[in-house]
There are 2 protein chains.
Amino acid sequence: MMNVISDKVVSRLSQYRRLLSQLNQQEIKHVFSHRMAEEMGVTATQVRRDLMVLGFSGSPTKGYHVEDLRVKITQFLDGHERQLACICGIGNLGRAVMGYFSGRGVSVDVCAAFDVDPAKVGRAIVGRRCYHIDELESVCKELKLSVGIISTPADTAQSVAEKMIQADIKGILNFAPVVLKLPSDIYVQNMDVSLALETVAFFASQKRQS
Amino acid sequence: MMNVISDKVVSRLSQYRRLLSQLNQQEIKHVFSHRMAEEMGVTATQVRRDLMVLGFSGSPTKGYHVEDLRVKITQFLDGHERQLACICGIGNLGRAVMGYFSGRGVSVDVCAAFDVDPAKVGRAIVGRRCYHIDELESVCKELKLSVGIISTPADTAQSVAEKMIQADIKGILNFAPVVLKLPSDIYVQNMDVSLALETVAFFASQKRQS
DNA sequence: TTGCCGCTGTTATATAATTCACAAAGTTAC
DNA sequence: GTAACTTTGTGAATTATATAACAGCGGCAA
């Protein structure tokens, strides 16, 4: 049985990697868990514990070797091949998300865009070609995509998700404010902006009384 | 000591409310915890446990009264007054977020926008006036905003956050891929898109092998 | 050398979140 | 009326997550 790893740990590993890249640019060679913890707003124990899953060793006197650790995390997260993703729904949000990933060296490449609007189909959006949603299955299978991003309106999200599954996509990042009903072997992460904002508003108003 | 409530519960309550609004539109008067659970992809026990914090009672035979419950959740989440928020950084993402909240009846109103770009300052963005960031403190204090949204590039997020705190903002929704270093009495929720996408990619590639 | 110091790696413990299990209560069937 | 059924509300158990505690190690000072 494959050792199961929690999504929180994966997310933090990804953050460690980002931090290590920055340290690398500053030509910092070694870093202690305390330093990493402080930069990331977690405890040093948590950093060390997260790194355990990598089987990577630091030195008690120098700390962790920045570049080696970065490489190790990358190997762990990305496996062998670079991850490819597609995005469905090219509104403001879709464009913003593509902008995130076209520029800097993120490990995931959003390499295809889909929409139903004839004004967008066929043209390039943020440097990537925009296809009609009907082409999703053929394009995704050809490029062997495994990740899909849904940035469509709520009422089409479920059907888009089902099309993605048809196209052999195994993980979905969903911005639409709906709960997708999908087979359990598909990994779904929801990014529900209005939900998040309401949560923040709740705690903000609670802090106000004190 | 005020009974502390977790952010997960708050977020789910907000989701229940959204579901109840939909049921209301379908003229459904009563609903069982099982039904709500199924629609939201959680267990019925969790629904009932979450509702415990409201002190709201359902009937063993009819379930929960949809409209009453919706009102109760709204009272709990919003308190008395309607929540007001501002947003800093009006790129694609900023516009997308404003679009979310201008339209339908979300409980939080994004009522002011800020940027540094002279081409945007003074104009209206998605129906809201865009101010220069230097006006943040005066505008926020005047309108008594308690929530801020950061959709600026990473390198300006920290300074924007500090300006928000100067303006008496108590909760921040942060889209920038940085860890904000702020006093502990400020509630911060991060929505880090690239982090989320990398997490999805990891699990997607894991599912691929099986 | 020897004794300390600070950090890592890891086990043990504590806290948080979820699920289980079941008593209490209203409905229906008869 | 009462037995059977269904669902709520909630203590208890379980699982997940984070923190604390500490052994082990390498370097440094004297």
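Below, read A as the first sequence line, B as the second, and so on, with proteins coming before strands; counting in each chain starts at 1.
Side-chain atoms of A:Ser59 and A:Thr61 include a donor-acceptor pair closer than 3.5 Å.
Nearest to the side chain of B:Pro60, among C:dT19, C:dT10, C:dG26, sits C:dG26. For B:Thr45, taking side-chain heavy atoms from C-beta onward, the closest of the listed nucleotides C:dA21, D:dT17, C:dA25 is C:dA21. The A:Thr61 side chain lies nearest to D:dG27 when the options are C:dC7, D:dG27, C:dA12. The side chain of B:Phe32 lies closest to D:dT8 when the candidates are D:dT19, D:dT8, C:dG9.
Taking atom NZ on A:Lys8 and atom P on D:dT15, their separation rounds to 18 Å, with Å as the unit. The separation between A:Leu51 atom CG and C:dG9 atom P is 8 Å, rounded to whole Å. Rounded to whole angstrom, the span from the NZ atom of A:Lys72 across to the P atom of C:dG9 amounts to 12 Å. Distance CZ (B:Arg48) to C1' (D:dT6): 11 Å, rounded to an integer number of Å. Summarising the geometry, the separation between CG on A:Leu54 and P on C:dT8 is reported as 15 Å, rounded to the nearest angstrom. Separating the CE atom of A:Met52 from the P atom of C:dC7 is a distance of 20 Å, rounded to the nearest angstrom. Distance, B:Gln46 CD to D:dT15 C1': 13 Å, rounded to whole Å. Here C:dT8 presents its P atom at 15 Å from CG of A:Asp68, a figure rounded to the nearest Å.
Evaluation of atom-type donor-acceptor distances gives no pair under 3.5 Å for the side chain of A:Arg49 against the base of C:dT8.
For D:dT8, one of the phosphate oxygens OP1 or OP2 lies less than 4.0 angstrom from a side-chain nitrogen or oxygen of B:Ser33. Note on B:Ser59: every side-chain N or O is 4.0 Å or more away from OP1 and OP2 of C:dG26.
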**Message:** Working note: B:Gln158 + B:Glu162, criterion side chain to side chain donor-acceptor pair (under 3.5 Å); need CA distance, chi angles, decisive distance, verdict.
**Reply:** CA-CA 6 Å; B:Gln158 176 68 34; B:Glu162 287 164 8; 2.7 Å; yes
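A donor-acceptor distance shorter than 3.5 angstrom exists from the side chain of A:Ser151 to the backbone of A:Cys88, with no hydrogens or angles considered.
Taking for each of B:Gly58 and A:Val9 the nucleotide of DNA chain D with the nearest heavy atom, the 5'-most of the two is the partner of B:Gly58.
In this structure, A:Arg12 reaches the sugar-phosphate backbone alone: every heavy-atom distance under 4.0 Å involves primed, P, OP1 or OP2 atoms, never a base.
For the pair A:Arg35 and A:Glu38, the salt-bridge criterion is not met [side-chain N within less than 4.0 Å of a carboxylate O]. Comment: A:Glu67 does not engage A:Lys29 in a salt bridge, judged by the lack of any side-chain N to carboxylate O separation of less than 4.0 angstrom.
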